[in-house]
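Got a structure here, written out as C-alpha cells. Questions coming.
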Amino acid sequence: MSTKDRYIRVRSEVDTACAQVGRKPEEVLLLAVSKTVDLDQIQEAIEGGANAFGENRPDELLRKSAAFPDQSWHFIGNIQSRRIGDIVSAADLIHSVSKAEHLPKIDRAAAKIDKVQPVLLEVNVSGEASKSGFHPSEVLAVIEEAAALPAVRIQGLMTMAPRADEEAIETSFCGLARLRDELQRQLDDKGIDVTLSDISMGMTEDWPQAIERGTTIVRVGRAIFDSSFE
Ligand SMILES: *Cc1c(COP(=O)(O)O)cnc(C)c1O
C-alpha cells in the first residue's frame, strides 16, 4: 500500500468514525504528522487529499513548508525560546505551548511579521511526570494573561494521552473535553473574548476514541506514513 492509499484509508476511517457518533466529517481535521518522512512522501499524501501537516522540529517545519507552501503547516513539538521566531514564521497553528513565558515571545515574533498567531495550550491531563503541558488548574490564568496579547490567539487545547490501557486514554480525552467546556463557561462569565474552538487529541493508536470525545484535530503519523501499517 502506498502513502497515498494509506492517507485515503485513514481519512475514510475518520469519516466513518464521525458518522458513527453523529459528527460531521468536516469537523475533524486529519493532521498528517510528517516528522519522520521526506518530501516525496508528503507529495504522495497530498495526492491522497492531505492538506495539513504536523512537524515537531523547527528546521524540518521550515524546510518542508518552504517546499509545499500551499499546504497548512502545524508545529506540534517541544518549543525552545530561541526558535520561536522560526516557528511563528511557518506555523499556521502551534499545538504545543506548554510554558506561559513563551506566550509574550510568540506575541512579539508574530507582531514583527504582522501576523496573529493561533495557538493551542498543551495540557497534561493524565498528570504523568514525564509529560509536558500545563496542569488543568493553571490553564484559566494562562488564557486570561494571553487574552491581553494582541498577536496571539488562543484557539483551544491539546493533549497527549498516556501510552496505557483504554481506560486511561478515555480518562485523559474526557478530561480534556470537559476542561474545554468548563473553561469556555468561565471565560464567557468573565467576559473574556476567547473561543476554545479546537481540541487536538488522538494519534495513530487512539484517534477513534478522541473522535468520540469531541476532538477537532487528530494528529496521525504512522498510520499514514509507516509502510508496516497495512
Ligand atoms: C509523532 C507525534 C504524533 C503522531 O504519532 P503517531 O503515533 O505516529 O500517529 C502526534 N502528536 C505528536 C505531538 C507527535 O509528536
Side-chain angles (χ1 to χ4, degrees), residues 1-14 17 28-38 41-42 44-45 48-65 71-80 83-84 87 90-99 102 118-126 128 130-134 155-166 168-170 172-173 175-177 198-230:
M1 206 183 235
S2 66
T3 292
K4 176 181 170 184
D5 290 338
R6 278 192 302 273
Y7 178 85
I8 291 170
R9 180 177 63 183
V10 175
R11 182 66 243 188
S12 124
E13 288 170 352
V14 167
V28 179
L29 174 70
L30 172 55
L31 184 72
V33 176
S34 51
K35 65 189 182 194
T36 60
V37 301
D38 216 331
Q41 298 283 298
I42 293 169
E44 271 204 44
N51 58 15
F53 294 88
E55 288 289 331
N56 67 349
R57 290 171 191 273
D59 289 337
E60 289 291 89
L61 174 73
L62 292 174
R63 182 173 77 90
K64 293 171 181 173
S65 63
Q71 307 301 312
S72 179
W73 290 91
H74 294 199
F75 190 75
I76 61 172
N78 181 45
I79 297 172
Q80 290 174 296
R83 300 310 302 273
I84 284 175
I87 295 168
D92 293 311
L93 179 63
I94 303 174
H95 290 228
S96 44
V97 174
S98 62
K99 291 199 175 108
H102 286 162
V119 306
L120 307 180
L121 301 178
E122 182 170 350
V123 183
N124 184 354
V125 185
S126 62
E128 280 179 296
S130 62
K131 285 215 153 48
S132 50
F134 295 104
Q155 197 165 289
L157 307 176
M158 179 271 225
T159 201
M160 309 264 288
R163 273 184 179 273
D165 54 293
E166 292 222 345
I169 293 169
E170 186 73 6
S172 161
F173 288 169
L176 192 69
D198 278 310
I199 300 184
S200 169
M201 61 186 187
M203 317 191 340
T204 289
E205 309 279 1
D206 53 26
W207 66 257
Q209 283 152 280
I211 287 188
E212 246 183 281
R213 295 301 161 206
T215 193
T216 65
I217 307 176
V218 290
R219 309 180 308 266
V220 179
R222 288 168 299 146
I224 296 169
F225 292 111
D226 182 341
S227 59
S228 63
F229 280 78
E230 284 297 334

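All ligand and atom numbering here is 1-based and tracks the order in the structure. Atoms considered below: every heavy atom in the structure, side chains included; atoms not considered: hydrogens, waters and symmetry mates. From a predicted model like this one, the values you see are computed outputs, not experimental measurements.
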Practice task
Considering the heavy atoms of Ile76, write down every atom of ligand 1 situated less than 4.0 Å from one of them.
Solution key: 11 (N), 12 (C), 13 (C), 14 (C)

Problem - Ion pair Lys64/Asp38, N-O distance below 4.0 Å - result: no

Practice task
In plain terms, say whether Glu44 and Arg6 are close enough for a salt bridge, that is, a side-chain N and a carboxylate O under 4.0 Å apart.
Solution key: no

Fill in the blank from the handout: Of Ile94, Ile87, Ile79, the one forming a side chain to side chain contact (heavy atoms under 4.5 Å, CB included) with His102 is Ile79

Problem - Criterion side chain to side chain contact (heavy atoms under 4.5 Å, CB included) against Ile199, the qualifying member of Leu176, Ile217, Val218 - result: Leu176

Fill in the blank from the handout: d(Leu93 CG, Leu29 CG) to nearest 0.5 Å is 9.0 Å

Practice task
Can you sort out which atoms of ligand 1 are near Val220, meaning under 4.0 Å from one of its heavy atoms?
Solution key: 9 (O)

Completion exercise
Checking heavy atoms under 4.0 Å, the part of Met160 that sits near ligand 1 is side chain

Exercise for the section: Apply the test salt bridge (Lys or Arg N to Asp or Glu O under 4.0 Å) to residues Arg213 and Glu170: give CA-CA distance (whole Å), side-chain angles for both, the deciding distance (0.1 Å), then the verdict. Expected result: CA-CA 8 Å; Arg213 295 301 161 206; Glu170 186 73 6; 2.4 Å; yes

Exercise for the section: Indicate yes or no: does Glu205 engage Arg222 in a salt bridge with an N to O separation below 4.0 Å. Expected result: yes

Practice task
Find all atoms of ligand 1 within a distance of less than 4.0 Å from any non-hydrogen atom belonging to Gly221, and give their numbers and elements.
Solution key: 4 (C), 6 (P), 8 (O), 9 (O)

Handout entry: Polar proximity ligand 1 side, Arg219 side, N/O cut 3.5 Å exclusive
Key = yes

Practice task
Write out the residue and atom name of the closest protein heavy atom to atom 5 (O) of ligand 1, then the distance separating them to 0.1 Å.
Solution key: Met203 CE, 3.6 Å

Problem - Where ligand 1 meets Arg222 - atom numbers and elements under 4.0 angstrom, heavy-atom basis - result: 6 (P), 7 (O), 8 (O), 9 (O)

Problem - Contact check: Thr204 vs ligand 1, nitrogen or oxygen atoms, below 3.5 angstrom - result: yes

Problem - Shortest heavy-atom approach to atom 1 (C) of ligand 1 - which of His74, Glu205, Arg163, Lys35 - result: Lys35

